[in-house]
Amino acid sequence: MLPEIKYYKANTVEETVHILAQNKHAIRILAGGTDLLPELRSEKQNRKVIILDISSIKLLNKIEDEGHFIRIGALVKHSQMVESILLGRHAGFLTQASSLVGSAQIRNRGTLGGNICNAAPCADTLPPLVALDAELTLESSSGNRTELLSGFIRGAYKTNRANDEFLTWIRFKKLPEGCRSNFIKLGRREALSIARLQVAACGMIDSNNKICYIRIVPGSTTPNVFRFTEVEEYLLGNEPSERLFSKAGDMVARKMVEITGVRWSTEYKKPVIAALVRRSLQAIFNLKPGVAVK
Amino acid sequence: MQKKEHNVVGQYTGRLDAFGKVTGRALYAADRCFPGMLYGAVLRSPYPHARILQISTNAATRKKGVIAALTASDIPGARVFGVVVKNQSVMAEDKVRFIGDGVAIVAALTEREAREAVGLIRVEYKLLPAVFDVEEAMKPDAPRIHQGDNVFIHHKVRRGSIEKGFQEAEVILKRSYRTQRIEHSYLEPEAALALPLPGDGIKIECCAQNAYSTRRSVSEVLGIPMNRVEIEQATMGGSFGGKDEVMTSLCCRAALLALKTGRPVKMVNTREESFLESYKRHPYILYYKIGAKKNGRLTAIEARIIADAGAYASMSPFVTWRSAVQAAGPYECLNVKTDAFAVYTNQAYTGAMRGFGSPQVNFAIESLMDELAQELNLDPLELRLKNCFTEGSVTATGQKLNPGVSLKEVLQKAAGEMKWEMKRALYEGEKRNQDYIKRGIGLACSYRGVSLGAEGIDAAATVVSVQSDGSVIMWSGISDMGQGAQTAQAIIASEVLGISPDRITFFPVNTSRISDSGPTVASRGTIMGGSAAKKGAETVRDSMLKEASIILDESIDNLIMYNNWIFSSKNRTKKTSFSALAGECFNRGVKLFGFGWHKSPSTTWDEKTGQGQAYFTFVYGCNVAEVEVDTETGQVKVIRIAAAHDVGKAINRAGVEGQIYGGLVMGMGYGLMEEFSIQEGEPQCYNFDEYLIPTACDIPDMKAIIVENPDPLGPFGAKSIGEPATELAAPAILNAICHATGKRIRELPADLEKVLLDHKLKRISKRGSEEK
Ligand SMILES: Cc1cc2nc3c(=O)[nH]c(=O)nc-3n(C[C@H](O)[C@H](O)[C@H](O)COP(=O)(O)OP(=O)(O)OC[C@H]3O[C@@H](n4cnc5c(N)ncnc54)[C@H](O)[C@@H]3O)c2cc1C
């Protein structure tokens, strides 16, 4: 059962920061509500909850082309991202990730801002956004600040957001011309599936057929989502090959275990993340998917 | 006019209840409200096994809005109920037996007040040692959950000499299998609304699957006669066998609160409460030993089956009986020995679920047959065709099968549809490829006893009442939970009366309006309810034809009822519309009311020898599944599945296909992803975020093959489909996985980890979501 709710609604950024400033304690921001409502329902204590509904702020419901950059409002829904030609062209793996969120109903309500601020380790948009080095804008009554997404998320369900601020914009550089990207989500079923593992990767080769740009971000592997830069460095300057990609997969797997230690699921996740990384690289560099070459 | 064999029967007919459900106008129990209504809530045990030393409801009673708080000591009549073994408490009296066992109830003005008040009830417990593992629970020194042994059921089947059978064998395989506990996952959680009636009676509107057994228990618990307990079924949002005892206890609780307060009381479980307190499908451990000649002929089958019954007996005695009877599969084997046990443990109790003891044994015997085929280097289909029942076969319980044994037919039709031989060879060849995706094809078949069999008396009632304007009202003691029982019965009555089914309005089950028709279980709705509907309609038809013969001046033998008209086959001008005839009959005082009562042929069972005429008839089915296995991730994709079922006669083809499609998907969930895991008595999931069932996007291409060999014991030859439809997909899929990967999974479900690693991974740490 939902707790008793005191409900505010803000229609502009100004109203939002004003209400946030006045209710620093325990106010809960509601965008699409697809994370918030299930959470409220399962809360044990019967305390009254204060909700601030920001879903009607029109300003934050757009995707903007800023030349070299793209800016996405925090209230843009997954289904809007899927339909965006701009995103499809310059950040394909992000649209792919949004297209795999929940179900049609969830994608029609759930927002990018909510996905980020909820900070679930399995959130689907986080790996591609981290690969894009996305930067966030947070607004409060005392002004705004920007922070890299990778720093904003402090762990599972934990962020750097202060009580009186909220996320307004997500901004990143378009992928370089000729760069291909790919997102893989492994789940237990075809829809409404919490990711077991994810891989977001993008990359390109130079005129000598050497990898000159590469980003790899595994998801649901570690409490924080980040680029596996050692693996990226290992790949740079090499010619794409099965053997190279299998090796990269193994490196990611080993690194994962280094960070998390051996858990109940490691026996499964270790070989599988290695395979998914390999496949993701194969897809980007147009190699026929096949079995691992050891 | 060309006279077809049937006019309405065998067509694609829309469901009578479809419109209300699709438009959202159907009223479920939770949708209903009455003036002055109170809300009830339940306090449930946080411990798997504990003695109750003291309960204090004082603080709860003092709370604003609370009207009543009751415990077991407030129950005027019986404190326990149960259809087979009376040991389930409405509210725990002396001790609690699982996490979720009901302890006390509250009625308050609002739902919030009721739920908050429940938290104010103080219970002093003394913890008792608990047992969760069935095999632990079978040991003599295990904690006792009820009086007497934890092993409370032992069914035997004995045929021939098992020793001799294994001596004759040239190959012997010993294997063990395990199945998991699963949740019914009906869309509508349990709901009941109890209304006090003048004169100390009670009416309950609810979603009970078996209104009559619920009524019996409510009457015993309240200590009032059955004629003062009226149970009426609201529209039901699914059941799958799941709304029996859990609904009985909810109805008892709502009725107790309503009688105590003199006001209507509504009780609705949240999904979490439903997951916690409702019963599940039994997890089984199955030890099998099979003997065969080198040519594949079976010589002996031995099975030792242990069912985890959880905290209460529920339907375990009957579920395990069906398992015992069908454990050796649809195969001729002269030497069979089966022992099936049901054992109490301190966790959610297990009971009826679509399949009722067959999904578990089918998984075991059908996996084993594939293992044997591999051992003998035979094709799995060939091995089955060599051993399967045919006309005149005798079952493991010594029963000679009625004519119409169509096992070979369903096997060949399903295998043919899937191009079995070609694909078996093709995928075999592909194994050498480098590709990490491997394909496989597998099958499973079964025979299944229709209806209750030797479980008990088997009879049902349906009323057909024609109105003076030619419209028709029907009602029955067989419930419609969404499976289409009303539509099937309406079609049958329409066929008899020569009218279109849309003339019929069907009323839900009301225990005070029609005779006890037993439970709507065991795929007996159509064969029993349909037979009753046919008889009821025939009564009306006979009296109407007699009158028509006078009016039209034509002999009854020449009269035809067709398409809402009655006419002479000799002279087409001699005719009257059904409506006009109904009006005329009414004016002349002719009875337009037919009460149909159908009792099934009797069955026999000897508990000592494990032999008997277990069921009065059987159905036969086969599933063939084709899968793609990602050998690097363990992901399994069911590409296509064909199901051939001999239903006797399809009354409503749309209904039969619907049952097959739904059954296949449910069976697929059982095979691949569903698992209601309980650790140390604590459920590991409380909602559909973590309890996974297939979604629309997981549904494979499905082919329903309806085989019809009409059975003289069913209406227009119809038998059943509800449960057969779901009992074979899991073994067919797991056999296909093994064909693809070469690795045999002997424990359900075949999830990512098991497919990849060959063994189960147990979650030992907390989930990410709990680390929050
Ligand atoms: C059935 C179901 C399936 C799902 N499947 C997936 C899936 O496959 N993949 C996936 O990644 N997620 C999934 N989710 C989770 C959820 O839908 C997504 O995370 C979604 O993007 C959340 O967006 P929202 O707008 O609904 O967030 P809300 O629920 O409104 O908010 C989520 C959290 O973020 C905070 N918040 C929201 N917006 C802001 C803001 N602008 N500034 C500061 N704080 C903010 C809220 O206070 C809350 O704590 C699923 C959820 C459901 C119910």
Side-chain angles (χ1 to χ4, degrees), chain A residues 1-4 35 38-39 41-42 44-46 100 102-104 118-123 155-158 184 186-197 220 222-223 242 249 260-276 278-279 282 288-293, chain B residues 41 110-112 114-116 119 268 270-273 433-438 630-638 668-669 672-675 686-690 692-700 749 751-757 759-772:
Chain A
M1 202 165 148
L2 282 174
E4 275 184 79
D35 276 317
E39 194 180 313
R41 241 187 114 248
S42 63
K44 298 275 181 319
Q45 71 272 36
N46 290 316
L100 295 171
S103 59
N118 190 56
C122 57
Y157 305 99
K158 291 195 190 82
I184 295 179
L186 177 78
R188 294 187 185 277
R189 59 181 177 191
E190 295 290 315
L192 289 169
S193 161
I194 298 168
R196 289 290 284 143
L197 288 168
S220 308
T222 49
E242 292 279 353
T260 62
V262 174
R263 298 184 172 192
W264 70 274
S265 56
T266 304
E267 187 185 355
Y268 175 79
K269 285 192 169 183
K270 197 177 167 205
V272 176
I273 192 70
L276 296 184
R278 190 202 75 234
R279 286 185 197 179
Q282 284 168 332
K288 194 173 100 12
V291 280
V293 183
Chain B
T110 66
E111 188 187 348
R112 189 179 302 282
R115 291 192 181 278
E116 283 172 7
V268 182
T270 61
R271 180 65 62 188
E272 287 80 3
E273 289 177 305
N433 294 356
Q434 288 285 291
D435 209 338
Y436 55 76
I437 300 284
K438 299 282 179 221
D630 185 328
T631 54
E632 288 186 332
T633 64
Q635 258 178 330
V636 175
K637 212 178 176 135
V638 180
M668 183 178 103
L672 295 179
M673 61 182 85
E674 295 190 35
E675 178 158 26
Y686 284 92
N687 211 322
F688 289 116
D689 55 342
E690 296 200 315
L692 302 186
I693 59 174
T695 68
C697 302
D698 295 281
I699 296 176
D751 57 18
L752 297 175
E753 291 83 359
K754 265 181 237 149
V755 174
L756 187 77
L757 304 171
H759 61 86
K760 187 174 179 160
L761 274 191
K762 271 225 169 83
R763 176 180 273 159
I764 41 177
S765 61
K766 294 229 169 211
R767 282 170 290 244
S769 57
E770 289 168 18
E771 285 160 9
K772 229 174 177 177

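Chain letters run A, B, ... following the sequence lines, proteins first, then strands; residues in each count from 1.
Of all non-hydrogen atoms in B:E632 and A:R279, the two that sit nearest each other are OE1-NH2, 3.0 Å. Residues A:G187 and B:L752 come closest through the heavy atom pair O-CD1, 4.0 Å. Closest approach of B:L761 and A:Y268 over heavy atoms only: CD1-CB, 3.7 Å.
Contact of B:F688 with chain A is made through the backbone alone, with heavy-atom distances under 4.5 Å. Proximity to chain B is limited to the side chain of A:L276, based on heavy atoms less than 4.5 angstrom apart. For B:Q635, the part lying near chain A is the side chain, with the backbone staying farther off; criterion is any non-hydrogen pair under 4.5 Å. Both the backbone and the side chain of B:E111 have a heavy atom closer than 4.5 Å to some heavy atom of chain A.
Rounded to the nearest 0.5 Å, atoms CD (B:E674) and CZ (A:R188) are 13.5 Å apart. The distance from the CG atom of A:L186 to the CG atom of B:D630 is 8.0 Å, given to the nearest 0.5 Å.
Between A:R41 and B:T270 the shortest side-chain heavy-atom distance falls below 4.5 Å. The shortest distance between side-chain heavy atoms of A:M1 and B:E116 does not fall below 4.5 Å.
For B:T695, the side chain to side chain contact (heavy atoms under 4.5 Å, CB included) partners two or more places apart in sequence, or in a different chain, are A:R189, A:A191, A:L192, B:C697, B:D698.
Chain A forms the most heavy-atom pairs under 4.5 Å with one residue out of B:L692, B:D689, B:D751, and that residue is B:L692.
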